[in-house]
Amino acid sequence: MDSPLLVWAAALGLINHLFFHKYEPRTAHFPFLLLAAEPVALLFIVGVPFSPARVLCSYLVFLSSLSLSIVAYRLSPFHPLAQYPGPTIAKMTKLWGLWKQWQGYKHLVHKELHDTYGPYVRTGPNELSVIDTSAVSQILNFGGLDKGRDYESGRHSSTPPSIVSVSGEAHTAKRRVWNRALTSAAIRDYEPLIVKRASQLVSRLRDQTGTVDIVCWFDLFAFDLMGDLAFGGVFEMMQDGKDVDGLAERIRGSLKVTNMSAQVPWIISTLHLFPQVGRAIQEFNDFGKNLAMRRMKYGAASGTKDLWYHLADEAGLEKEKPNLESSAADGIVAVIAASDTAVSAMSSLVWFLLSNPEYYRRVQQELDTVFVDGDDPLDVKKHDELIFLSACINETLRLHPPVPTNGTRQVHLHQPRRIIAGRVIPEGTSVYLPPYSLHRNPDYYFPHPDKFFPERWLADSKFEKHDVTAFIPFSLGPANCVGQKFAKRELFMVLSIMFKSFDLRFADGFNSEAWPGTRKDFFVTTRGPLLVNLTPRRSYV
Ligand code: HEM
């Protein structure tokens, strides 16, 4: 074979690495075209006759040289993250963890890596995972790192921006509107809707005979509630007893794809060139827009201020009113962000209590003491007295955080490096602070960091270590969970009325020990059926 061609092909591989290293591509189309054309063009440049064998050799040598050069650099002491430990395969390529991630086990992978390598782990060529509390605030809080590229990367240019997909000033503007939508006063306006839907949940559960999948009913409840709040009452899933249009499945499918593709952001806009992907995106955009138009036509389900009222800035408080598409995108975010998260928390809490009968009894006793006969468990004024239920909720969020790995924060390319907790975070680095691993770190929760011990949250706790700076189920800082007060209100209301209304036990034959393994991390958590039997205690609805 012609050695000049092979030498040039090898050199071209190295030159391409240097070029793309300096000018990191935002999309894959241009690099793909370039990489496909170069080895063929080389035949003409070197002046050798065209033949399929020469083309093949040129490709092989070119791609081998390019890949070897990339891998050698990533593993070399010259790479800016060289001092951080991690598995070699993770340092070489981002593709290594995609399979685990596709299966929904990213949180477990991060945990395993931290157990092996310590609090700072290199989980990708330009990616770190950190579970050091002295870094938490410096990374997440005001003045910390920006939201990572993974947040915006799933969004096609035709999709209107939502609070999740924007950063910088655009995020600050959206966040102002969302903050107004989720103040304590605003949440009080939403309470009648929570009361209505929580009562309906209990009454529908009463209609069921035999075994019940409580996860499924929590799902139906959450969609109905968020449909009321965000779009004036669009779903009646509890009434139907199922998700007739398969909305939840569609949302979860798109979450899975977005979550995966966010790992390799440069491929997104190329994927979007495929007509099927474009169509699916368009359909989803239209779905949001139609819900928004329906809400504008029929008004709020409560007849008063709902979430949409704030998201669409109906009070006209913003200098620039958000357009319909943008508010619709936020409304859809509300449905997604509020449903899977809250459902995960409620389901896990039920699982933990049924697996620990002594704690379950204690929760029921507390509820029976706080809400004596005739008291309404949906009366939020009494929820502050539910100290033990509150401890159980915290312990659930610690062990089963509904957002187990969370998205990244980032020192963007061309930004100066940052020093965080005394360590250098170079430009172009994405940083995870995975709640699942942080919450189970024995340096912060000891003893028995993996065990459900609600007592550790009580004022007279005897636990040796209980460092609440390592508790971030709702994240921290300017992009933390804006809905956390609402989420807690919802959890207290639903759990109070449910445990007052029913005695629950795992259904006969249900493999309860296997249930935590059905929890999958696709940014928010999905979970498998949780089969229980319900025996009515007394009626509140
Ligand atoms: C137990 C329930 C919930 C948990 C554990 C949870 C957790 C989180 C987490 C970890 C984030 C990511 C923050 C980050 O990037 O650092 C987040 C973001 C967000 N959550 Fe929640 N969430 C819950 C319920 C809710 C509810 C009920 C709502 C709405 C009513 C909501 C709305 C949002 C929104 C809009 C964001 C994006 C905030 C931003 O980018 O500024 N969440 N949530």
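Counting convention: from 1, in listed order, for ligands and their atoms alike. Worth saying up front: this structure is predicted, and the values here are computed from it rather than measured.
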pair Leu81-Pro426: side-chain heavy atoms closer than 4.5 Å: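 In short, these two side chains touch, coming nearer than 4.5 Å.
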Option nearest atom 30 (C) of ligand 1 (shortest heavy-atom distance, choices Phe523, Tyr190, Tyr151, Phe486): Phe486
Of the listed options Leu182, Ile472, Asn480, closest to atom 38 (C) of ligand 1 (non-hydrogen atoms):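 It is Asn480 that holds the nearest heavy atom.
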Under 3.5 Å donor-acceptor, Thr525 side chain and Pro402 backbone: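 Between the backbone of Pro402 and the side chain of Thr525 there is a qualifying donor-acceptor contact (under 3.5 Å).
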Pairs touching residues 220-233 that satisfy side chain to side chain donor-acceptor pair (under 3.5 Å), sequence neighbours left out: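 The answer is Arg197-Asp228.
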Protein-derived N, O or S atoms lying under 2.8 Å from atom 21 (Fe) of ligand 1, waters excluded: 1
Starting from [atom], locate the nearest protein heavy atom and write down its residue, its atom name and how far away it is, to 0.1 Å.
atom: atom 39 (C) of ligand 1; value: His171 NE2, 3.4 Å
atom: atom 13 (C) of ligand 1; value: Ala479 O, 3.1 Å
atom: atom 12 (C) of ligand 1; value: Asn406 OD1, 3.5 Å

Numbering as shown, the atoms of ligand 1 that approach Lys147 to under 4.0 Å (heavy-atom distance): 40 (O)
Element-labelled atoms of ligand 1 that are located less than 4.0 Å from some non-hydrogen atom of Pro473: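 Close to Pro473: 5 (C), 7 (C), 10 (C).
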Which segment of His400 sits under 4.0 Å of ligand 1 when only heavy atoms are counted: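 None of His400 does.
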Nitrogen or oxygen atoms of Glu490 and ligand 1 under 3.5 Å apart: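 Between Glu490 and ligand 1, no N or O pair is found under 3.5 Å apart.
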Salt-bridge criterion met for Glu169 and Arg175 (N-O under 4.0 Å): no
